[in-house]
*Asks:* 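To start, I am sharing the structure in question, which I have written as structure tokens.
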Amino acid sequence: MELSQRLKKIPPYLFVELDRLKRRKVEEGADVIDLGIGDPDIPTPQEIVETAKRALEKSEYHRYPANPGSLFFRKACAQYMKRRFGVTFDPEREVLALIGSKEGIAHFPIAFVNPGDIVLCPDPAYPVYHLGTIFTDGEPYYLPLTWDKDFLPDLGSIPEEILRRTKILWLNYPNNPTGAVASKEFFQEAIDLAKKYDFIVAHDSAYVELYFEEPPVSIFEVDGAKDVAIEFHSLSKTFCMTGWRIGFAVGNGEIVQALAKVKSNFDSGVFTAIQEAGAFALENLDTLVPPLRKIFQERRDFLYEELKKLGYELKKPQATFYLWVRVPSGYSSSEFCKKVLEELAIVVTPGNGFGSAGEGYFRIALTVDIERLKEAVRRLGTLKL
Ligand SMILES: Cc1ncc(COP(=O)(O)O)c(C=O)c1O
């Protein structure tokens with residue numbers, strides 16, 4: 001069967017070899033510590049589960065959901081944006097429910113990108129920005145995120161002819177995989193550039209509540225953002241709800257409505273009972289999330305200190321549950337990750353899997369408990385480099 005040209009353009013999955021190795025290790029009976037997946041090991045808070053159970057009983061929810069999301073859910077999103085960032089959104093026009101933020105991110109380019117248009121994508125990055133671009137026959141232009149620039153793209157270095165052809169600039173802070181956060185000044189620079197060259201800034205905010213020091217900002221806290229920006233939010237990481245599939249987009253009404261139009265032709269919305277649980281979660285964020293943050297902070301502090309003691313180079317992440325670590329010299333990302341898996345039965349993700357600028361790094365997800373992290377550190381201490 002001949003695949004479509006578009007599907008053929010999707011690069012091969014980089015982790016095939018590592019996945020095979022991991023499966024083999026498990027089959028051999030090894031005690032594998034998986035620090036690879038960005039999926040919290042902690043269950044969703046019980047109050048959210050109870051809300052969903054009650055909502056399941058409502059027979060009116062058993063029919064098709066409202067396509068852009070129920071108004072009660074979109075109001076809860078708008079109220080959260082107001083409470084947390086001080087910005088106002090019209091829940092009817094400027095807020096849209098998503099089946100997880102990945103769904104919105106993947107579909108978004110369809111609303112604006114024509115063949116040959118440029119989409120600016122960070123590198124390393126969550127792969128959906130450039131994959132969504134490829135599905136629309138757009139051209140990704142990669143913006144390297146480097147250690148010396150604190151993993152922020154150098155917007156001043158993008159050539160003029162690229163900026164003139166740009167439709168979307170993707171940003172993601174707090175950042176996966178580097179753990180970096182962005183300042184208002186950086187967001188202002190991005191918005192000013194977008195207004196000058198008439199493109200959209202699409203900001204992926206999936207980790208905005210997983211912080212350990214200062215709360216990260218929304219792009220809408222800077223002047224003019226409402227003219228050109230959309231922001232993607234996720235309940236997945238904030239409330240340990242990755243399996244529930246719920247997120248939302250907020251932003252400029254025209255931009256949000258364009259995505260709503262795309263989505264109304266692809267899907268039929270989020271199950272209303274899940275939206276009720278999601279609204280409850282957002283309304284109770286201030287009591288539900290601090291205990292979760294505390295758990296991830298304890299893991300981050302522990303592993304950061306221990307990796308430093310072992311001689312690894314990394315910056316202390318202010319947010320997200322990832323550590324972005326330099327590979328010891330003499331190894332490529334893949335070679336090092338393979339060695340760690342083969343010799344220590346620890347899974348970590350090679351940085352080049354997130355883009356070529358990720359070469360020389362590996363990513364650790366803090367998604368196992370502290371006892372397992374202690375065991376991982378013990379094993380790392382035995383590694384002969
Ligand atoms: C940067 C980033 N954005 C978006 C997502 C998607 O999250 P979800 O679709 O669960 O909302 C992820 C998931 O790993 C992510 O790392």
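Remember, it's 1-based here, ligands and their atoms both numbered in the order they're listed.
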*Asks:* Validate the cation-pi geometry between Lys315 and Trp324: distance from NZ or CZ to the six-membered ring centre under 6.0 Å, angle to the ring axis within 45°.
*Replies:*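 No, Lys315 and Trp324 do not form such a contact.
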*Asks:* Do the ring planes of Phe187 and His203 sit parallel (below 30°), tilted (30 to 60°) or perpendicular (above 60°)?
*Replies:* perpendicular
*Asks:* Where on Glu103 is there a heavy atom closer than 4.0 Å to ligand 1, on the side chain, on the backbone, on both, or on neither?
*Replies:*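 The answer is neither; Glu103 stays 4.0 Å or more away.
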*Asks:* Output yes when Glu375 and Arg379 qualify as a salt bridge under the 4.0 Å nitrogen-oxygen rule, no when they do not.
*Replies:*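 Looking at Arg379 together with Glu375, the answer is yes, because their closest N to O distance falls below 4.0 Å.
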*Asks:* Indicate the ring-plane relationship of His233 and Phe85, choosing parallel, tilted or perpendicular according to the 30° and 60° boundaries.
*Replies:*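 It falls in the tilted class, 30° to 60°.
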*Asks:* Give the residue, atom name and distance (to 0.1 Å) of the protein heavy atom nearest atom 13 (C) of ligand 1.
*Replies:* Lys237 NZ, 3.1 Å
*Asks:* For ligand 1, note which part of Ala206 has a heavy atom under 4.0 Å away: side chain, backbone, both or neither.
*Replies:* side chain
*Asks:* With a cut-off of 4.0 Å, which atoms of ligand 1 are near a heavy atom of Asn172?
*Replies:* 1 (C)
*Asks:* Nearest non-hydrogen contact with atom 2 (C) of ligand 1 belongs to which option: Val128, Ile37, Asn176, Asp204?
*Replies:* Asp204
*Asks:* Under 4.0 Å, heavy-atom basis, I'd like to know which part of Phe232 is in contact with ligand 1: side chain, backbone, both or neither.
*Replies:* neither
*Asks:* Report, in ascending order of atom number, the atoms of ligand 1 lying under 4.0 Å from any heavy atom of Ser236.
*Replies:* 8 (P), 10 (O), 11 (O)
*Asks:* I need the nearest protein heavy-atom contact for atom 7 (O) of ligand 1: residue, atom name and distance, please.
*Replies:*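 For this ligand atom, the closest protein heavy atom is Ser101 OG, 3.3 Å.
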*Asks:* Charged N to carboxylate O below 4.0 Å: is that the case for Glu50 and Lys53?
*Replies:* yes
*Asks:* Look at ligand 1 and say whether Tyr129 reaches it with a heavy atom at a distance under 4.0 Å.
*Replies:*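 Judged by the 4.0 Å heavy-atom criterion, Tyr129 does count as contacting ligand 1.
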*Asks:* Within a distance under 4.0 Å of any heavy atom of Gly100, pick out the atoms of ligand 1 and give their elements.
*Replies:*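 Numbered from 1, ligand 1 contributes 9 (O), 11 (O).
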*Asks:* Give the ring-plane orientation class for Trp170 versus Phe232, where under 30° counts as parallel, over 60° as perpendicular and anything between as tilted.
*Replies:* tilted
*Asks:* To check your reading of the model: name the closest protein heavy atom to atom 6 (C) of ligand 1, its residue, and the distance in Å.
*Replies:* Tyr126 OH, 3.3 Å
*Asks:* What are the atoms of ligand 1, with element, lying closer than 4.0 Å to any heavy atom of Tyr207?
*Replies:*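 Taking each heavy atom of Tyr207 in turn, ligand 1 has 1 (C), 2 (C), 14 (O), 15 (C), 16 (O) under 4.0 Å.
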*Asks:* I need the atoms of ligand 1 closer than 4.0 Å to a non-hydrogen atom of Arg245, numbered in the order shown.
*Replies:* 8 (P), 9 (O), 10 (O)
*Asks:* Quick one: closest heavy-atom pair of Val217 and Val208, and the distance?
*Replies:*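 Distance-wise, the nearest heavy atoms are O-CG2, 4.2 Å.
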*Asks:* Report the C-alpha separation of Ile200 and Ile255 in whole Å, then their side-chain angles, then the decisive distance to 0.1 Å, and conclude whether the side chain to side chain contact (heavy atoms under 4.5 Å, CB included) test is met.
*Replies:* CA-CA 8 Å; Ile200 295 166; Ile255 299 175; 3.9 Å; yes
*Asks:* Parallel, tilted or perpendicular: which fits the ring planes of Tyr126 and Tyr129, with parallel below 30° and perpendicular above 60°?
*Replies:*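 Judged by the thresholds at 30° and 60°, the geometry between Tyr126 and Tyr129 is perpendicular.
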